[in-house]
Amino acid sequence: MALPSSPFTSKASAFHIPPESNPPCSLLQKHPSLSLLSGCKNMETLKQIHAQFIKFGLHNTHFGLSKLVGFCALSPSGNSNYALLIFDAIENPTEILWNTIIHGYALSSNPELALEFYVKMVSLGNYPNSYTFPSLFKSCKKLMAAQIGKQVHGCVVKLGLDNAVSFTALIGGYVSRGCLDEARELFDGIPVRDVVSWNAMISGYAEVGRFGEALSLFENMWKLNVTPNESTLVSVLSASLAVFRHMQLERVEPNDVTFLNILPACAHMGALDMGRWIHVYINKNCHHLQNSSLWTSVIDMYAKCGSIEAAKQVFFGLETKSLSSWNVMISGLAMHGNGHGAIDLFSKLIEEGIEPDDVTFVGLLSACSHGGLVELGRLHFSSMVQDYKIQPKLPHYGCMIDLLGRAGLFDEAKSLLECMDIEPDGAIWSSLLGACRIHGNLELGEYAASSLFKLDPNNHGAYVLLSNIYAGAGRWNDVARIRTMLNDNGLKKVPGCTSIELDSVVHEFLVSDRTHPQSEDIYRMLDEIDRRLEMAGHVPNTSEVHYDMDEEWKEGILSQHSERLAIAFGLISTKPGTTLRIVKNLRVCGNCHSATKLISKIFNREIIARDRNRFHHFKDGCCSCMDYW
DNA sequence: CTAGGGTTAG
């Protein structure tokens with residue numbers, strides 16, 4: 001249905017300002033039939049109640065009518081036609097009735113009707129109030145009608161309605177269009193903010209991946225102000241302090257929705273301290289959330305922050321385990337390279353009589369792939385199709401291609417690729433390309449790369465992988481050619497960035513970064529690391545540097561990779577023996593991988609590193625991935 | 001009596 005256009009543009013706009021607000025119309029009646037409505041479950045009962053209303057004369061009261069229309073228009077088991085039928089028979093509908101109808105349409109699949117009704121309401125001389133606007137904003141959001149949304153916005157401003165609800169709905173509209181800075185401006189201007197307003201803003205940041213801002217906004221709910229500087233991204237103060245401050249200051253209390261938004265942000269940032277604190281908080285304050293899917297997010301957070309043991313503890317402590325909680329646990333084990341653990345858990349799930357879904361198998365197959373369990377991977381893949389009647393989707397094929405490719409079984413990978421009933425996506429070609437890099441398969445690598453470029457010419461990572469393959473083969477001309485291609489296409493490298501959380505503060509490092517306040521000490525430590533690595537016989541493998549530079553320069557760059565900086569910072573900032581946890585946005589390079597193994601031994605530190613794909617637990621000179629990644 | 005925020009599983 002077309003949007004009403006004229007009323008919004010003409011002089012006699014629906015968005016003009018009323019001379020004064022209407023007096024509230026309240027007609028409260030007490031009658032036994034009214035209590036019937038609260039238990040009303042479906043339209044059939046509603047019609048009986050309606051009949052009762054007529055019998056006792058309640059159908060002429062605004063209160064009774066509001067209740068009836070409210071159920072029909074707003075309840076999921078209601079009926080908007082019936083609501084309209086009642087509504088149309090009312091001579092002078094109250095604001096409440098108009099608002100209810102408008103809200104009903106805002107919730108429906110025809111939100112444009114809400115706007116139409118609003119126009120009708122105003123043209124009949126009724127004025128909108130603070131209850132009207134949130135529904136209108138919701139409709140505009142659904143319809144992606146930014147212009148109309150702005151007009152409604154203007155109207156709210158002119159009317160001077162300064163309640164949080166209208167503002168929050170408006171923020172929701174801006175957030176949904178990705179206009180976060182505008183949303184933030186509004187948010188900062190709300191006279192009174194409550195949890196829902198905070199949640200709207202936090203979820204906006206989290207949704208578009210501005211996790212740092214989401215986290216710091218969360219922190220600000222208690223005004224735990226820490227001064228951030230350019231090189232450190234402050235996430236939150238220590239947990240106990242936060243709770244204490246929270247109790248002292250009467251700040252807005254977060255709720256389950258807040259955590260639902262914040263936990264994934266912690267997971268992405270690897271902010272374990274903060275995640276842990278939220279977990280404690282939920283345990284203490286949210287007893288009513290026993291069976292909430294919030295726990296799934298907690299498990300996922302622990303797994304992604306490198307604490308797989310804590311994830312297990314939460315998972316096994318759950319009274320009722322939803323399929324999603326099984327799924328995140330299996331995927332978590334997969335991420336940590338614990339293939340057998342994932343498979344065992346899958347068997348348990350089957351024993352408990354739970355029906356796995358396609359997501360379960362993505363986790364299971366990726367566990368096989370990260371654990372190098374070729375035979376088991378094949379087995380579960382065919383079992384998925386035959387026993388569980390689940391059609392493989394792209395991620396399943398992706399896991400299998402990854403599994404076979406890493407194992408160097410290129411013929412089998414190719415034949416699987418050929419018999420797929422779906423077009424392979426970029427992820428599949430990337431896996432194959434990655435496998436070709438590991439095994440130095442130049443021919444297939446070139447093919448995978450060209451397929452990938454067709455799908456996504458701007459995939460910087462693909463150029464790097466291909467270039468690495470050429471570099472490994474000493475084909476420096478081709479390396480240079482790729483570099484030119486990158487420049488010609490104006491592609492910028494995603495800068496490698498590693499973060500480390502210390503005392504609840506997340507510190508981020510880029511390659512050769514010197515912006516950290518403790519930069520001097522960090523570089524002194526880097527020299528020390530280099531010296532001791534050399535003593536231990538570490539020979540930097542420069543083959544993955546995709547520029548043809550002289551060896552010494554390459555080594556220089558290698559030892560200043562972002563992960564090395566984060567580790568050096570971790571070494572100088574923590575007590576001997578403390579486990580270091582780092583998070584990298586890209587895949588760890590081969591050189592850093594072997595260097596980190598040695599560092600774990602030389603400095604006697606366990607180093608848990610998350611890269612783009614998975615976790616590496618470095619200990620005593622070995623890595624949990626068994627060099628298989 | 002009517003209004004705003006909602007994740008996770010490669």
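Convention: sequence-line order gives letters A, B, ...; per-chain numbering from 1. Only heavy atoms go into these numbers, but all of them, side chains included; no hydrogens, no water, no symmetry mates.
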Partners meeting side-chain hydrogen bond (donor to acceptor under 3.5 Å, both in side chains) with [X] (sequence neighbours left out):
X: A:D181; result: A:R210
X: A:S331; result: none
X: A:N92; result: none
X: A:T258; result: A:N199, A:N255

Among [options], which is the nearest nucleotide to the side chain of [X]?
X: A:V196; options: B:dG4, B:dG6, B:dA3; result: B:dG4
X: A:S66; options: B:dC1, B:dT2, B:dG6; result: B:dC1
X: A:E207; options: B:dG6, B:dG4, B:dA3; result: B:dG6
X: A:D300; options: B:dA3, B:dG10, B:dT8; result: B:dT8

Indicate, with a heavy-atom threshold strictly under 4.0 Å, whether A:K393 touches base, sugar-phosphate, or nothing.
nothing

Applying a 4.0 Å non-hydrogen cut-off, can you work out what A:S197 is touching in the nucleic acid: base, sugar-phosphate, or nothing?
base

What side chain to side chain donor-acceptor pair (under 3.5 Å) pairs are there with at least one residue in residues 335-345 of chain A, not counting sequence neighbours?
A:H336-A:H617

Positions of residues 356-367 of chain A (non-hydrogen atom under 4.0 Å from DNA chain B), listed by number:
A:V359, A:V362, A:S366

Residues in residues 316-339 of chain A with a heavy atom under 4.0 Å of DNA chain B, by number, are A:S324, A:N327, A:V328, A:S331

Quick one: is the NZ or CZ of A:K120 closer than 6.0 Å to the six-membered ring centre of A:F117, and within 45° of its axis?
yes

Please list all pairs meeting salt bridge (charged side-chain N to carboxylate O under 4.0 Å, His left out) that have one or both residues in residues 292-306 of chain A, counting only residues at least two apart or in different chains.
A:D300-A:K304

Tell me, which pairs form a salt bridge (charged side-chain N to carboxylate O under 4.0 Å, His left out) where one or both residues lie in residues 323-332 of chain A, sequence neighbours left out?
none

